[in-house]
Every structure is written in structure tokens, then in C-alpha cells.
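Read the structure below first, then the notes.
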Amino acid sequence: MSLARVHNFSVSLDGFATGEGLSREAPFGHAGERLHQWMFATRWWHERSGDAGGTSGADDVFVRRFEPGIGAEIMGAGKYGYPGWHEDPEWKGWWGPNPPFHTPTFVLTRHTRPPLAMEGGTTFHFLDASPADALKTAREAAGGKDVRIGGGATVIREFLAARLIDHLHVVVVPIVLGRGVRLWDGLEGLERDYAVDTVTTSSGVTHLTFERTAR
């Protein structure tokens, strides 16, 4: 069976994966871009942006694991758009005409709409489904490849609580947000199901990888 994987998911020292006050102008609320500066500095990010340079150390190695072997993505409504996006029939996500997923992408929302085909192979499908049912649907679309659980924090927490995540990569960024949406709430004892490894890099972030051992 294909794996359910999480990659490059950034949280603050106090466990927040996004700030407070999300809007169309502030996708991560008061956190701004601080949770993702480590990623923006990598060579991988520079290449995707059409720029030269960027760092080539461990941060770059981790961020490049985002895409290989992925056949579908699942994300929450809050990752797909700003609060209230479902009232805008023209909203097509944050990423422009060619989103970075290049696979069938399943958006979990109570406000379903017809599939939306984008450039580059991404088609957004809007599902009102439980984590287990969504994962089953995404696996069928993935054609034997793995399924990436893209976030946000609430969606990843729900998949973890249902014991559906096989590989979890969390990046702890040395900032304190104080408010927003936390990842770890309600997941006491989660580590018992995983082999956990850590790598701290010169950028100041710590990469935590959880590989599932209990099934």
C-alpha cells in the first residue's frame, strides 16, 4: 500500500504552524513568512523561482524530498484559500495557474464544487470526507504512488489522531508565535508509534522525522 507522507511542515518553538489573523492578504496571519525563511534560502527554492544561488546543505536535502514518489495530495480548506474563499467562484488557490503539486489534489471542505483542472497536471477535487475516506480516494488516484498530506495543522493533526500518517517531517523554527493554530494538541503519546530522528542545521531549524513503526 502507498504511504501517507508529510514534508516540510514548519512549526514554531511553541508548536504553532500558522499565526492568528489569517486573511487573503496574510495567508499565515501574524506569523508572516517567518516560519518558511529556512526554505526560501535553499537552492531548491531558488531553482523553482528561476533564481541562481541558495544554500545546498541539509535544509536543501530535506526540502527536495517534497515531490519524488508522490501521486496525489490532500490538503485542508485553510491551505487552499483564505477564510471565505468558498464564496468566491473565481478563487483557484494561492499558487497561480500552475500550482506546485502536479498531481490530483484533494481539498477537504464542507463547501464542495466541481473539479478544477490547472496547468502542470494539478487538478483540485473538493471533498467532504473523513481522513480515512479521503486517503482511500487519494490512494486510488495516486496510481500506486504515495499520498502527501499537505496541511494545514488541523488536517495533519486529524490524520495523525487517526493513525494514518506513515512519514512525518516537521521543521521546528526558532521563533515563538504565542497564538495561532497548533499542531500537537491532543496527540499525547504519538511518539510511541514512530521512530524519531532529528537534524539541526546552520539555519537554526531542527528537522524532526517520524517513521511509523506501529501499524
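Note that the numbering runs from 1 along the sequence shown for the chain.
The CZ atom of R182 lies 11.0 Å from the CG atom of L177; values are rounded to the nearest 0.5 Å. Separating the CD atom in E191 from the OG1 atom in T213 is a distance of 11.0 Å, to the nearest 0.5 Å. Summarising the geometry, atom CD1 belonging to I165 is positioned 10.5 Å from atom CG belonging to L3; distances are rounded to the nearest 0.5 Å. How far CD1 of I74 is from OG1 of T105: 10.0 Å, rounded to the nearest 0.5 Å. Atom CG in L35 sits 6.0 Å away from atom OG in S10 (nearest 0.5 Å). In this structure, D166 CG and D146 CG are separated by 8.0 Å, a value rounded to the nearest 0.5 Å.
Residues V11 and L187 share a hydrophobic cluster, clusters being chains of Ile/Leu/Val/Met/Phe/Trp/Tyr side chains in contact below 4.5 Å. By the rule that hydrophobic residues join a cluster once side-chain heavy atoms approach within less than 4.5 Å of another member, V173 and V170 end up as members of separate clusters. When the side chains of ILVMFWY residues are joined at heavy-atom separations under 4.5 Å, either directly or via intervening members, V61 and V205 end up in two distinct hydrophobic clusters. If you chain together hydrophobic residues whose side chains sit under 4.5 Å apart, V6 and L164 fall into the same group. Linking Ile, Leu, Val, Met, Phe, Trp and Tyr whenever their side-chain heavy atoms come within less than 4.5 Å puts L127 and I149 in one cluster.
Side-chain contact, D59 with S203: a donor N or O sits under 3.5 Å from an acceptor N or O. A donor-acceptor contact under 3.5 angstrom links the side chains of T200 and T206, judged on distance only. Using a 3.5 Å distance cut-off with no hydrogens or angles, the side chains of S49 and D51 do not pair a donor with an acceptor. Side chains of H167 and E211: a donor on one and an acceptor on the other come within 3.5 Å.
Checking side-chain atoms of R34 against main-chain N and O of H30 turns up a donor-acceptor pair under 3.5 Å. A donor-acceptor pair is defined here as one N or O able to donate and one able to accept, closer than 3.5 Å; such a pair exists between the side chain of D60 and the backbone of W44.
M39 and N8 make their closest contact through CE-CB, 3.7 Å (heavy atoms, listed as atom of the first residue, atom of the second, distance). Here the shortest heavy-atom pairing between V147 and A142 reads CG2-CB, 4.2 Å. Taking each heavy atom of G71 and P104 in turn, the nearest pair found is O-CD, 3.4 Å. Between V181 and A153 the shortest heavy-atom distance is CG1-CB, 3.9 Å. Closest approach of S23 and Y82 over heavy atoms only: C-CB, 3.8 Å. Closest approach of G69 to K145, counting heavy atoms only: O-CB, 3.3 Å.
Under 4.0 Å is where a charged nitrogen must lie from a carboxylate oxygen, and between R163 and D193 at least one such pair does. We find that K136 and D133 are not joined by a salt bridge, their nearest charged nitrogen and carboxylate oxygen being 4.0 Å or further apart. Taking the charged nitrogens against the carboxylate oxygens, K79 and E73 do have a contact shorter than 4.0 Å, which makes a salt bridge. For D128 and R110, the salt-bridge test fails: no basic side-chain N is under 4.0 Å from an acidic carboxylate O.
Chaining together hydrophobic side chains whose heavy atoms lie under 4.5 Å apart places V199 alongside F62.
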Margin query: Could you walk me through whether L208 and F9 satisfy the side chain to side chain contact (heavy atoms under 4.5 Å, CB included) test, starting with their C-alpha distance in whole Å, then the side-chain angles of each, then the deciding distance to 0.1 Å, before giving a yes or no?
Written below: CA-CA 10 Å; L208 303 178; F9 194 75; over 6 Å; no
Check: Can E33 and F40 be said to form a side chain to side chain contact (heavy atoms under 4.5 Å, CB included), step by step?
Finding: CA-CA 9 Å; E33 296 184 341; F40 300 153; 3.9 Å; yes
Next item on the list: Could you check W184 against L190 for side chain to side chain contact (heavy atoms under 4.5 Å, CB included), going step by step and ending with a plain yes or no?
Entry: CA-CA 9 Å; W184 302 116; L190 173 76; 3.8 Å; yes
Next item on the list: Decide side chain to side chain contact (heavy atoms under 4.5 Å, CB included) for E67 and H102; before the verdict, give the C-alpha distance in whole Å, the side-chain angles of both, and the deciding distance to 0.1 Å.
Entry: CA-CA 9 Å; E67 194 167 31; H102 311 302; 3.4 Å; yes
Notebook entry, point to check: Are H207 and W38 close enough, and set up right, to give a ring-ring contact (aromatic ring centres under 6.0 Å, His included), and what steps lead you there?
Noted result: CA-CA 11 Å; H207 297 269; W38 70 272; 5.4 Å; yes
Notebook entry, point to check: Which is it for R179 and D14 under the salt bridge (Lys or Arg N to Asp or Glu O under 4.0 Å) test, yes or no, and what are the steps along the way?
Noted result: CA-CA 9 Å; R179 51 199 167 96; D14 46 348; over 6 Å; no
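Between Y80 and W94, the distance separating the two ring centers is not shorter than 6.0 angstrom. In this structure, the ring of F66 has its center no less than 6.0 angstrom from the ring center of H7. The six-membered or imidazole ring of F210 lies away from that of H169, with a centre-to-centre distance of 6.0 Å or more.
In this structure, R43 has no side-chain hydrogen bond (donor to acceptor under 3.5 Å, both in side chains) partners at least two apart in sequence or on a different chain. Residues that satisfy the salt bridge (Lys or Arg N to Asp or Glu O under 4.0 Å) test with R113, not counting sequence neighbours, are absent from this structure.
Residues R24 and W85 are not in side-chain contact: their nearest non-hydrogen atoms beyond the backbone lie 4.5 Å or more apart.
Taking the ring centre of Y194 as origin, the terminal cationic atom of R212 falls outside the region bounded by 6.0 Å and 45° from the ring axis.
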